[in-house]
Peer 1: 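Below you will find the structure I want to go over with you.
Below, chain A is the first sequence line, B the second, and so on; all start at residue 1.
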2 protein chains.
Amino acid sequence: MFSIGELSKRTKVKIPTIRYYEEMGLLAEAERTSGNQRRYDNDGLERLSFIRHARDLGFSIEAITSLIELQDHPDRSCEAATYIASSQLADVRAKIKRLKLLEKELTRISKGCDGRGVSEDCYVLAALADHELCDRDH
Amino acid sequence: MFSIGELSKRTKVKIPTIRYYEEMGLLAEAERTSGNQRRYDNDGLERLSFIRHARDLGFSIEAITSLIELQDHPDRSCEAATYIASSQLADVRAKIKRLKLLEKELTRISKGCDGRGVSEDCYVLAALADHELCDRDH
DNA sequence: CTTGAACCTCTAGTCACTAGAGATTGTAGA
DNA sequence: TCTACAATCTCTAGTGACTAGAGGTTCAAG
């Protein structure tokens, strides 16, 4: 049995965040000492690691809640879990695509006034003002 | 002179968002009719387009505030603006890098239980629970 | 002059935390 | 056993960039 601070250190999840997860129902309510402090065991550690990993992968709290529910009801859980993971993957791919477009345009914009003589107007500001200069929509 | 609804239509920025930008000081306070409704001219339209474009590119409200200040004080504005744009670009590139790692891992996870026979435990959940399976840290 | 769409302000909610105040508890050393 | 102080507790409020809704007012077409 260990304290919230210990759990925090082991999982690298900040203390207020742990309490927040508990409040949100992601984490079961922890046992308490007679003095009302939380105590955790290995189960709590594993569950929090799971949550942390899923958050790192960009799953929303809502999605994680679903995944946890699936863990507790193993019937059909595999298909549902795969579905959630695939949606997440599609989401990530869409974000990458969009960011690449942004990268392209920002590269163009940033190159405006490099080492060479600075013209009267700032190219960066002009580029931002004039959407027509963009190669594509966004 | 046109109304906030008209401005919204032309810029594709929602009405409450326009008011929010005004409140944040991004947009100058609009002129008002005798009945207290906002009226905009071409200047307002251009400034909002600028803001919208910058937001689309992921610039924060804070960064846009700086860019707008630069527009009003053209001395040295070019270097400063280029700096802001470059930071933004670095940020975007970092995000892309991170998302690509996530994509890789999610692909691996999603492939767990495809069409073939569903095993006893869900691979997706197991993969999420066990960080050790990851190729890299995140 | 009437009607109803569009506008106004204000408050509160979203997501996933984070920060701080003020009080209580746990624990190591004397 | 006492003391000191680090760690914990609950609670409220703040973050960024909006979004939603209530309840009231104004504009413009017919």
Peer 1: Output yes when at least one side-chain N/O atom of T17(B) is less than 4.0 Å from OP1 or OP2 of dT19(D), else no.
Peer 2: yes
Peer 1: Under the salt bridge (charged side-chain N to carboxylate O under 4.0 Å, His left out) criterion, do E23(B) and R19(B) qualify, and how do the steps go?
Peer 2: CA-CA 6 Å; E23(B) 202 188 358; R19(B) 292 199 274 247; over 6 Å; no
Peer 1: Can you measure E62(A) atom CD to dC15(C) atom P for me and round it to whole angstrom units?
Peer 2: 7 Å
Peer 1: Between dG26(C) and R32(A), is there an OP1 or OP2 to side-chain N/O distance shorter than 4.0 Å?
Peer 2: no
Peer 1: If you assign each of Y20(A) and I15(B) to its closest nucleotide in DNA chain C, which residue comes earlier from the 5' end?
Peer 2: I15(B)
Peer 1: Between the side chains of R47(A) and D43(A), is the shortest nitrogen-to-carboxylate-oxygen separation below 4.0 Å, so that they form an ion pair?
Peer 2: no
Peer 1: NA contact type, R19(A), heavy-atom cut-off 4.0 Å: base, sugar-phosphate, or nothing?
Peer 2: base
Peer 1: Which nucleotide in the set dC18(D), dT27(C), dT10(D) lies at the smallest distance from any side-chain heavy atom of N36(A)?
Peer 2: dT10(D)
Peer 1: Are any of R38(A)'s side-chain N or O atoms less than 4.0 Å away from OP1 or OP2 of dT8(D)?
Peer 2: no
Peer 1: I need the CG-P distance between D56(A) and dA16(C), as an integer number of Å.
Peer 2: 14 Å
Peer 1: Between E22(B) (CD) and dC7(C) (C1'), how many Å, whole number?
Peer 2: 13 Å
Peer 1: Look at all strands and tell whether Y21(B) reaches a base, only sugar-phosphate, or nothing, counting heavy atoms closer than 4.0 Å.
Peer 2: sugar-phosphate
Peer 1: Among the nucleotides dA16(C), dC18(D), dT19(D), which one has an atom lying closest to any side-chain atom of I61(A)?
Peer 2: dA16(C)
Peer 1: At 10 degrees resolution, what angle do the end axes of the helix from dC1(C)-dG30(D) to dA30(C)-dT1(D) form when each is taken over five base pairs?
Peer 2: 10°
Peer 1: Between E29(A) and R38(A), does any NZ, NE, NH1 or NH2 come within less than 4.0 Å of an OD or OE carboxylate oxygen?
Peer 2: no
Peer 1: Does dC18(D) have its OP1 or OP2 closer than 4.0 Å to a side-chain nitrogen or oxygen of K14(B)?
Peer 2: no
Peer 1: Before giving the answer on side chain to side chain contact (heavy atoms under 4.5 Å, CB included), spell out for S8(A) and V13(A) the whole-Å C-alpha distance, their side-chain angles and the decisive distance to 0.1 Å.
Peer 2: CA-CA 5 Å; S8(A) 170; V13(A) 176; 5.7 Å; no
Peer 1: Test your reading of the model: is there a side-chain donor-acceptor pair from N42(A) to the backbone of L45(A), 3.5 Å cut-off?
Peer 2: no
Peer 1: Determine: side-chain N/O of T33(B) to OP1/OP2 of dC27(D), distance under 4.0 Å, yes or no.
Peer 2: yes
Peer 1: If the threshold is 4.0 Å, N to carboxylate O, is there a salt bridge linking R93(A) and E103(B)?
Peer 2: yes
Peer 1: Taking only the side-chain heavy atoms of P16(A) (C-beta and beyond), determine which of dT18(C), dC8(C), dG26(C) contains the nearest atom.
Peer 2: dT18(C)
Peer 1: Between D91(B) and A94(B), is there a donor-acceptor pair closer than 3.5 Å when you use the side chain of the first and the backbone of the second?
Peer 2: no
Peer 1: With nearest nucleotide decided by heavy atoms, which residue, S34(B) or R55(B), maps closer to the 5′ end of DNA chain D?
Peer 2: R55(B)
Peer 1: To the nearest angstrom, how far is E23(A) atom CD from dC9(D) atom P?
Peer 2: 13 Å
Peer 1: Tell me whether the OP1 or OP2 atom of dT8(D) has a side-chain N or O from S3(A) closer than 4.0 Å.
Peer 2: yes
Peer 1: Just how far, in rounded Å, is C1' of dT9(C) from CD of Q37(B)?
Peer 2: 12 Å
Peer 1: Under 4.0 Å between a Lys/Arg side-chain N and an Asp/Glu carboxylate O for R52(B) and D56(B)?
Peer 2: yes
Peer 1: Let me know the distance between CE of M24(A) and C1' of dT14(C), rounded to the nearest Å.
Peer 2: 12 Å
